[in-house]
Protein chains: 2
Amino acid sequence: MARAGLTPERLAQEGAELADELGFDEVTVSALARRCGVKVPSLYSHVRNSQDLRTRIALFALEELADLAAAALAGRAGKDALVALADVYRDYAREHPGRYAASRFPLSPEAAAASAGPRHSQMTRAVLRGYDLTEPDQTHAVRLLGSVFHGFVSLELAGGFSHSAPDSRESWSRALDALDALLRNWPAN
Amino acid sequence: MARAGLTPERLAQEGAELADELGFDEVTVSALARRCGVKVPSLYSHVRNSQDLRTRIALFALEELADLAAAALAGRAGKDALVALADVYRDYAREHPGRYAASRFPLSPEAAAASAGPRHSQMTRAVLRGYDLTEPDQTHAVRLLGSVFHGFVSLELAGGFSHSAPDSRESWSRALDALDALLRNWPAN
DNA sequence: TGCACCCGCCTAAGAGTATTAGGCAAATGC
DNA sequence: GCATTTGCCTAATACTCTTAGGCGGGTGCA
């Protein structure tokens with residue numbers, strides 16, 4: 001019988017594509033086996049179980065997203081950097097909704113610590129270097145930015161902003177303007 | 001055979017409790033049947049299928065959450081109202097994580113229109129009456145507030161803010177301060 | 001009060017998914 | 001060139017979802 005050349009890495013990548021096509025919730029061991037032209041139990045040589053598979057896809061997506069963010073941030077500062085980082089998240093979610101959903105998959109504390117998650121918060125912190133915040137305000141701002149990015153993208157993806165004027169892109173741009181203004185003039189405690 | 005007295009409404013409510021106990025993703029027809037002390041197929045006299053069951057739980061949670069928000073908003077205005085509304089969402093998510101997750105369940109456009117969803121945006125608009133915004137800025141602000149509320153609550157629930165100082169409650173309070181400041185001084189286009 | 005009907009719950013059965021155990025053959029290493 | 005490892009397979013079990021069809025108790029009408 002011909003070998004399909006499966007590896008945990010390749011399964012994570014194929015799983016990510018499957019997620020974009022069907023939705024992350026539809027990424028099942030069976031569906032992935034079908035896509036790889038292999039019987040279901042064969043996957044168990046490469047991933048421990050369904051949970052492990054999802055975790056690998058999540059880690060893959062987090063890494064890919066962090067790489068995109070790092071590239072977008074290079075050579076930018078201030079509002080320019082803020083918008084660039086924000087757009088990376090929004091564009092990724094729109095182009096790869098399944099992978100974006102995967103990146104929200106709950107990880108164990110150990111897995112989260114070893115993931116690209118810390119890179120994401122470091123990059124948000126880097127954006128804040130363009131503004132004049134010191135701890136603990138910087139941490140509060142990191143959390144606020146993360147909340148707006150994830151919240152907006154996730155509501156937009158769920159269709160919460162569709163079918164009503166004005167265009168959600170316009171709201172996105174105004175939200176980023178507002179965040180920039182806010183960070184430049186962060187309210188004292 | 002004794003009648004269990006099942007109704008679609010009661011199933012939605014029991015399902016909501018099950019969601020809080022096990023997580024919304026674990027709310028299955030089988031688990032709900034077990035909880036109600038009946039055989040699985042019995043549920044199909046009351047709900048069309050698993051998707052229908054989840055939808056009913058989502059509608060129940062949206063309604064309950066809207067009722068809580070309406071009660072919290074009564075007699076408040078300005079920042080007071082902003083904080084009250086925001087706290088309703090955060091507290092609900094912390095006390096009823098499964099129901100909160102259910103309230104994010106994707107609804108068909110018709111179901112969404114008939115749900116308590118519109119009440120939620122109306123209440124956010126009502127909060128904005130305490131600030132000086134006109135359309136389309138008001139819509140942009142509604143979307144921004146929704147993004148921050150959902151984004152923060154969802155990241156906090158996923159553990160994104162845990163295990164690191166400062167306390168996430170502090171960040172929440174600072175985020176609301178920031179939003180209030182922002183709305184009082186909304187940047188011109 | 002008696003009876004027919006309906007409705008609520010049941011058993012039976014088929015399909016899909018997750019997972020484990022064990023086998024065979026192709027690739028790998030000495 | 002042979003032994004071992006490794007990759008994929010079949011077989012089997014368990015659980016969930018869903019449909020079909022049966023039985024009996026509660027309800028409504030005479």
Side-chain angles (χ1 to χ4, degrees), chain A residues 1-61 98-99 101-102 104-108 111, chain B residues 1-60 98-99 101-102 105-108 111:
Chain A
M1 21 208 90
R3 308 225 156 172
L6 302 181
T7 64
E9 293 72 29
R10 192 172 149 229
L11 287 179
Q13 200 165 340
E14 298 280 348
E17 284 166 29
L18 204 51
D20 286 336
E21 291 162 20
L22 307 179
F24 184 62
D25 288 345
E26 309 307 317
V27 176
T28 136
V29 181
S30 307
L32 186 54
R34 269 194 298 276
R35 164 179 256 264
C36 294
V38 128
K39 298 296 177 180
V40 178
S42 303
L43 297 197
Y44 284 81
S45 307
H46 306 282
V47 297
R48 246 198 322 281
N49 51 35
S50 183
Q51 156 102 2
D52 181 41
L53 170 62
R54 286 157 188 278
T55 299
R56 285 174 193 274
I57 299 173
L59 294 174
F60 171 78
R99 298 182 198 203
R104 314 307 323 168
F105 186 68
L107 298 176
S108 70
Chain B
M1 19 208 95
R3 308 227 155 172
L6 302 182
T7 63
E9 293 71 30
R10 189 169 153 233
L11 288 179
Q13 199 164 340
E14 297 280 349
E17 283 165 30
L18 203 52
D20 286 337
E21 290 163 19
L22 308 178
F24 185 60
D25 288 346
E26 310 305 318
V27 176
T28 131
V29 180
S30 307
L32 185 54
R34 270 193 297 277
R35 164 180 258 265
C36 294
V38 297
K39 298 296 176 177
V40 178
S42 305
L43 297 197
Y44 283 81
S45 308
H46 307 283
V47 297
R48 246 198 320 282
N49 50 36
S50 184
Q51 155 100 6
D52 182 40
L53 170 62
R54 286 157 188 276
T55 299
R56 286 175 192 275
I57 299 172
L59 294 174
F60 171 79
R99 298 182 198 205
F105 185 68
L107 299 176
S108 70

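First the proteins, then the strands, lettered A, B, ... as listed; each starts at 1. Hydrogens, waters and symmetry mates play no part in the numbers below; they use all other heavy atoms, side chains included.
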> Looking at side-chain heavy atoms only, is the closest gap between A/E9 and A/F60 below 4.5 Å?
Replying inline: no

>> Side-chain N or O of A/H46 versus OP1/OP2 of D/dC8: is the shortest distance under 4.0 Å?
In response: yes

>> Measure CZ/A/R10 against C1'/D/dC8 and give the value in whole Å, please.
In response: 13 Å

> Given C/dT17, is OP1 or OP2 found less than 4.0 Å from the side-chain N or O atoms of A/R34?
Replying inline: yes

>> Would you say CZ of A/R48 has more than 12 non-hydrogen atoms from neighbouring residues, nucleotides or ligands within 6.0 angstrom?
In response: no

>> Would you say B/S42 places a side-chain N or O within less than 4.0 Å of OP1 or OP2 belonging to C/dC10?
In response: yes

>> Strictly below 4.0 Å: does B/S30 bring a side-chain N or O up to OP1 or OP2 of D/dC17?
In response: yes

> For B/E26 and D/dC17, what is the distance between atoms CD and C1' respectively, to the nearest whole Å?
Replying inline: 15 Å

>> With ring pair (Phe, Tyr, Trp, His ring centres under 6.0 Å) as the rule and sequence neighbours excluded, what pairs involving residues 26-59 of chain A come up?
In response: none

> Hey, are the side chains of A/L18 and A/E21 touching, using non-hydrogen atoms and a 4.5 Å cut-off?
Replying inline: yes

> Under 4.0 Å: is that the gap between some side-chain N or O of B/R54 and OP1 or OP2 of D/dC17?
Replying inline: no

> When the distance from CG of B/L43 to P of C/dT11 is rounded to whole Å, what number comes out?
Replying inline: 14 Å

> Between A/L11 (CG) and D/dG7 (C1'), how many Å, whole number?
Replying inline: 12 Å

> Roughly how far apart are A/L32 CG and A/R10 CZ, rounded to 0.5 Å?
Replying inline: 9.0 Å

>> Can you pull out the residues from residues 12-23 of chain B that lie within a 4.0 Å heavy-atom distance of DNA chain D?
In response: none

> Looking at CZ of B/R35 and CG of B/L11, how far apart are the two atoms once the value is rounded to the nearest 0.5 Å?
Replying inline: 11.0 Å

>> Between P on C/dT19 and NZ on A/K39, what's the gap in Å once rounded to a whole number?
In response: 19 Å

> D/dT18 C1' sits how many Å from B/Y44 OH, rounded?
Replying inline: 5 Å

> What pair of heavy atoms forms the shortest contact from B/A102 to B/I57, and how long is it?
Replying inline: CB-CG2, 3.8 Å

> Could you state the CG-C1' distance from A/N49 to D/dA14, rounded to the nearest angstrom?
Replying inline: 16 Å

> Contact class for A/S45 (heavy atom, under 4.0 Å): base, sugar-phosphate, or nothing?
Replying inline: base

> Among D/dT19, D/dC8, C/dT19, which nucleotide sits nearest the side chain of A/L6?
Replying inline: D/dC8

